[in-house]
Each structure stands twice: as C-alpha cells, then as structure tokens.
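The block underneath contains the structure these notes are about, expressed in structure tokens.
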Number of protein chains: 2
Amino acid sequence: MPEATGGTSSSERVADILLLFSDGPRTIGVTRAARELGLSKAVVHRILQSLTGRGLVAYDAASREYGLGPAAASLGSRALRDSDLRAVALPHLVDLRDRLHETATVSAKVPGGRLFLDQVVGAHEITMSVEVGRRLPLHAGAVGKCILAFSTPDEIDLALSRDLRAVTQATVVDPDRLRAELARIRADGHAASVGEREAGAASVAAPVLGRADVAVGAVSVCGPRFRLTDERIAAVVPDVVAAATLVTDALAGRATPGGPRRPAGPDSATGRSPLDRDGQSLTF
Amino acid sequence: MPEATGGTSSSERVADILLLFSDGPRTIGVTRAARELGLSKAVVHRILQSLTGRGLVAYDAASREYGLGPAAASLGSRALRDSDLRAVALPHLVDLRDRLHETATVSAKVPGGRLFLDQVVGAHEITMSVEVGRRLPLHAGAVGKCILAFSTPDEIDLALSRDLRAVTQATVVDPDRLRAELARIRADGHAASVGEREAGAASVAAPVLGRADVAVGAVSVCGPRFRLTDERIAAVVPDVVAAATLVTDALAGRATPGGPRRPAGPDSATGRSPLDRDGQSLTF
DNA sequence: CCTCCTCGTTCCGCCAAGAGGAACATCTGT
DNA sequence: ACAGATGTTCCTCTTGGCGGAACGAGGAGG
C-alpha cells in the first residue's frame, strides 16, 4: 500500500483506533479492536489508556468496553466549525435550496470514505435530512460516486478492491460496472443516484475540486424519489454543477469569476506547479 | 503530575497534538506546536504526517500550517451523537426550559476543561445560546465552577495552579477566593454565576455525578442578566438541582427514584467498592 | 533585487520506549 | 459451579523512532 512518507506507525495506530469508532458500534472492546486492526491486545489497551487519560475515549464500566469521549466531541465540533469547505459552501446551499426547494448538502472526502459536512433542508413538508458527520462509503450514492470519480487512480483502485457491500438493493457492487459509471461521471462532471444509498431517495452531486482537480468533496441536492423524477434530476443538474464550481473557485481563493474552469497546470512563473506536491488535501 | 498508568507517552503525544486544535487557533504550525508541547519539531512533524494520512488533520498549503481534518469532524459528531450524558439529559433540559422559559444546557467534563454538549434554547425572544463543543475553562462560569467543585482534590489543585486568565471583568482569578467558592458550592450542591464567563449573562448549574460522587458534567440554566435577577436565580435553583439529580441517577442506571442522593460508599458485597478504580470517567 | 531570518522538512545513529506473548483477574452465560 | 472469553498486568528483548543538525523554500525588509 502507498505508505504516507514520514509518519510513524505508532501515531497511525492511534489514529486507526480513533477512527474505529467512526464507523463501528458505539463501544468497542480491547479484543475486538485488536483483532480488527491486527494488533496485540496489550498495544490496544495501552493506547486506549492514554486516550482515556486525555478524554478522547471513555471507558464504559457497564459493558467493559471503550467509546468516544467528550474531548472527541470537542475536537469534532471545532473541526466542523472551522471547515472552509463548509463555510464557503453554505451560502450556495441556501441558494440551491431556495431555487430547487430540495435539501442541499456539502460533503467532504475522508480517507476511505466521505461524510456530510452540512445540509440546508428543503422547503417541502416531506423533506430529506441526511446524517451529518457519519462516515459513508464511496461506492454508494451520488455524492460518493462523484467524489470517487474525481479521485486519483490509486484511490479508485483501493476503494473498488474493498468489500463493496450493498447499502440498499439498488447499490451497484460490481467493480466493472462501477468503473464504467465513474468514467461517465468524470466525463459529465456530475453524478446521479436513485436509491443507491437510501431507499426511496434520489440525489444529484457535483464535485468540489482541489489541487490537481482531485475532489476534496461534493455538493449535492437530494430528495424523495417521487419528486425527484428522472426529468427533474436532469433539470437540476446545471444548478448543482454551477454551485459546485463556484465553491471550488472560492475554496481556491479565486474571486469567484463567472469564467470557465481553468485547466490543471502551472499557475505562475514557478517552474514546478504547486499542485504536484503529493496528493494531500489542503483545505477542507 | 499524576500520570495515568499503563499509557504510552507516544500515544499521549498524539492526543496532545490533536487537543491543541481544540482550543488554539484554526491552524497551527509545526514549530509552534512543538514549542507549546515541549517536543522536537521532528516529532510533531512525523505525527502530523500520520494524522494527515488518516484525515484527522489537514495541511493548509496557503499558511503552511496544519488544521483539523474531516475525519475529526466525523469523530466528533459521532461522539456527540453517542453521548449517554447528552441523550439522558435532553428530556430534562426540555422540561427545564418549558418550566423556566430560559435556555437549559448539559456540559461534560474533559481533562483540563469542560464543554457544552447540548442546549435547549429559551422561549423568549431575547434568549441565550451557548457554543456547543468548544472547550471552556473550569474556573469561570457556573458550570465550570460547579464541575470543579465536585472534582477530586488533585484536579482542583491542578486547575487552580494554571494561569486562571479572566474571561470577563467579573471572572474570579484569585485561587483563594475560588477555593472558598468551591467549598460553598460543594456544600450547597449548586453554583451560580453572574457574567463570569459571558458578560451580561447569568446562570445556575448543578453537577451530574459519576462514581465516587465526582462530577462527569453539569446541567445549567442560563439567560440574560436582566431577567435572571438574584431573586429569580434563587428561585430556579431547586429545579436545576432536581434535574441534575435525575440525570445522575439515570446515568448510573438506577431507575430514577425520588429518593435521596445515595452517599459514596461500597455498593455491594465486594470488599473493594468499584469506585476506587482510578478517577476515570465511565459514561459521558 | 538581494539578504537574512524563519519555518517546514529530511537525514541518520544511538537507545530507551514499547511490542508481544503469556499469566492473572473478572465477569457472563449455561 | 464451571468454562470460556475479556480486560489487565508483567517482564524481557529489540526495533521503532527521538533528537540534533543540515537542507531548501519562502517572505519581510532594506
């Protein structure tokens, strides 16, 4: 696997243990965590002790297991509050909602997944509300596929080599079909999904791009399938794409001009463009 | 300092770096972080590399510094969602708000501070809204003092030996005066504050207790000073204390009896009571 | 435009922090 | 009461990673 240079394996172990709580159950025991990460129980136990001491995890005496602690909550709300992507996107989400009357969302890419950063819920009585902050897979739903489509080949390969479990009955789990879809999404500049992640729902997503035109997140509009018909999905695409483009430009510091997306390339007199550093995300 | 047994210093370093972002500025450079934690730049850099690889922190190319990443946001919303303390307290907060028409809050204690887990805002037009998730000092405000008053002597000493900067003009920064207040709070079972943390505001807080009657958090009612006069503060105290007691009991799994608070002591046939483990919080 | 200062990043050899296996203590379900 | 599993602790050996210093890239100021 492409090891990030310079890191220490012990730090990564700590991060991995923390991230175990992002997806898994509320509380996790030492043995289970050790099994899941391929570490010894002693190691996991020591790390959990340290994290408990800092309040990042808490020990649940009843179940004799560990769960996230209050410091993690603090960290997270700070991260959410500080997010450039969220702050920049929010007015555009409001605009989208006002124009389309459906729920508009921003998502961020995280290693091995994605999550909703925020939403502006629709104006209808029956509306759609997503779960902000939960880590979701990349292969299901318009947002996930959209982010994946605008990722590096390495990331795509990695994501498609995973389990690819079906979230709903409509989830595409065949790698070849997914690759074909990703190619089309990349060509179109947007993605659509009908009930792939949430049954009875549909959504349209367009990527927010960072350096090297790799997605750092996505903007989407979603709602119940009975309102988001195929025709309506096609109708909202331009608005979603436009919003995502505006967010992309604003994130990059460009003063949101009406002009076309600039092609990837060196942007000044420097011989090396600043975007071939190494695929790290910069602003989120 | 009272070192938590069993932990590894490298894990604690990772946690410390993460927590640096809880209070400090949005982005922090390697040099500054290293200075602040007393570590070498190389160590900080390596850890940040690892955390970046896992999405917990993100590199900001513009400022050449690091900030929290999307995975941290995911972690935090999960922690908030899973919080027993928050879930258990919420209905009582609604009840408090309905009865008193002022904003009701729950807070959790984190090592070296506290944070609001949630709030139910008041019914008036001019109301008070606290910042959920931000880490706040223990020496300022009713909630902070209340949590501190019901902490172990070690924790109190540690908290009072810090800087004790004045958050507002009314913040008490004299350790001796604070100790006297803490003693009174412990005797009364509740704390009050007028503009100590937020100018123009007042609040009343009562502790939510865990094992060994050490506070894991607090319930509070807060509002603008012009409505929360001294008389009204005195009037709401019983409601706040009652709510906190109910939350304490519910958290401990006891089926919320109307009975008196049970005194600290061994609770079964075991020779050693389970509460002298070592002051770890259990449920948050 | 050049210089200096500072910051982030990288390199390398020495060494103590921590990995790991196994024993111990506890609790649960049958 | 027993058996299995889980969290916790112990102890020794070794390898991961600490730290000081060198490097390269910016940015501020002259």
Side-chain angles (χ1 to χ4, degrees), chain A residues 3-17 20 25 27-53 57-67 266-278 280 282, chain B residues 3-17 20 25 27-53 57-67 253 267-278 280 282:
Chain A
E3 199 68 42
T5 93
T8 70
S9 55
S10 75
S11 311
E12 276 158 16
R13 274 192 290 260
V14 175
D16 285 338
I17 287 185
L20 219 51
T27 62
I28 301 184
V30 173
T31 305
R32 172 160 181 193
R35 236 195 322 256
E36 215 137 327
L37 297 174
L39 301 173
S40 83
K41 285 201 297 180
V43 176
V44 173
H45 180 253
R46 277 191 293 260
I47 294 176
L48 285 173
Q49 288 285 5
S50 296
L51 294 180
T52 302
V57 309
Y59 179 69
D60 179 26
S63 63
R64 301 174 62 77
E65 291 189 328
Y66 293 84
D267 55 357
S268 82
T270 10
R272 285 165 59 94
S273 89
L275 43 80
D276 52 1
R277 203 174 183 73
D278 49 3
Q280 308 284 39
L282 61 167
Chain B
E3 198 69 42
T5 91
T8 68
S9 55
S10 75
S11 311
E12 275 157 17
R13 273 193 289 261
V14 175
D16 286 338
I17 287 184
L20 218 51
T27 62
I28 301 183
V30 172
T31 305
R32 173 161 179 194
R35 235 194 323 257
E36 214 138 327
L37 296 174
L39 300 173
S40 83
K41 285 198 299 178
V43 177
V44 173
H45 179 252
R46 275 190 295 260
I47 294 176
L48 286 173
Q49 288 284 2
S50 296
L51 295 179
T52 301
V57 309
Y59 179 71
D60 179 27
S63 63
R64 300 174 63 80
E65 292 190 330
Y66 292 85
D267 57 354
S268 81
T270 11
R272 286 163 59 92
S273 87
L275 42 79
D276 52 1
R277 202 170 184 76
D278 48 5
Q280 308 285 37
L282 62 166

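Computation of the quantities below employed the complete heavy-atom set of this structure, encompassing side-chain atoms and omitting hydrogens, waters and symmetry-equivalent molecules.
Residue pairs satisfying the side-chain hydrogen bond (donor to acceptor under 3.5 Å, both in side chains) criterion with at least one member in residues 29-38 of chain A, sequence neighbours excluded, are listed as follows: A:Arg32-A:Glu36.
Of the possible polar contacts, none joining the B:Thr27 side chain to the B:Gly67 backbone as a donor-acceptor pair under 3.5 Å is found.
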- Item | Base-contact (B) and sugar-phosphate-only (S) positions in nucleotides 15-22 of chain C, heavy-atom cut-off under 4.0 Å, - elsewhere | --SSBBB-

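Near DNA chain D, meaning a heavy atom under 4.0 Å from it, residues 30-38 of chain B has no residue at all.
Comparing the local axis fitted to the first five base pairs of the helix from C:dC1-D:dG30 to C:dT30-D:dA1 with the one fitted to its last five gives a bend of 60°, rounded to 10°.
Between B:Tyr66 and C:dT9 there is a side-chain polar atom (N or O) within less than 4.0 angstrom of OP1 or OP2. Within the 4.0 Å cut-off from OP1 or OP2 of D:dG7, not a single side-chain nitrogen or oxygen of A:His45 is found.
The separation between B:Leu48 atom CG and C:dT9 atom C1' is 12 Å, rounded to whole Å. Protein atom CD of A:Glu65 is 11 Å distant from nucleotide atom P of D:dT8, rounded to whole Å.
Nearest heavy atoms, A:Val57 versus A:Leu48: CG2-O, 3.7 Å. Of all heavy-atom pairs spanning A:Arg46 and B:Thr8, the tightest one is CD-CG2, 3.5 Å. The two atoms that bring B:Ala33 and B:Val44 nearest to each other are CB-CG1, 3.9 Å, heavy atoms only. Here the shortest heavy-atom pairing between A:Ile17 and A:Leu51 reads CG2-CD1, 4.4 Å.
Between the CD atom of A:Glu12 and the CD atom of B:Gln49 there is a distance of 10.0 Å, given to the nearest 0.5 Å.
In this view, A:Arg13 satisfies the side chain to side chain donor-acceptor pair (under 3.5 Å) rule with no residue, not counting sequence neighbours. For B:Ser63, the side chain to side chain donor-acceptor pair (under 3.5 Å) partners two or more places apart in sequence, or in a different chain, are B:Asp60.
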- Task: Please step through side chain to side chain contact (heavy atoms under 4.5 Å, CB included) for the pair A:Tyr59 and A:Arg64, ending with a clear verdict.
- Result: CA-CA 7 Å; A:Tyr59 179 69; A:Arg64 301 174 62 77; 3.7 Å; yes

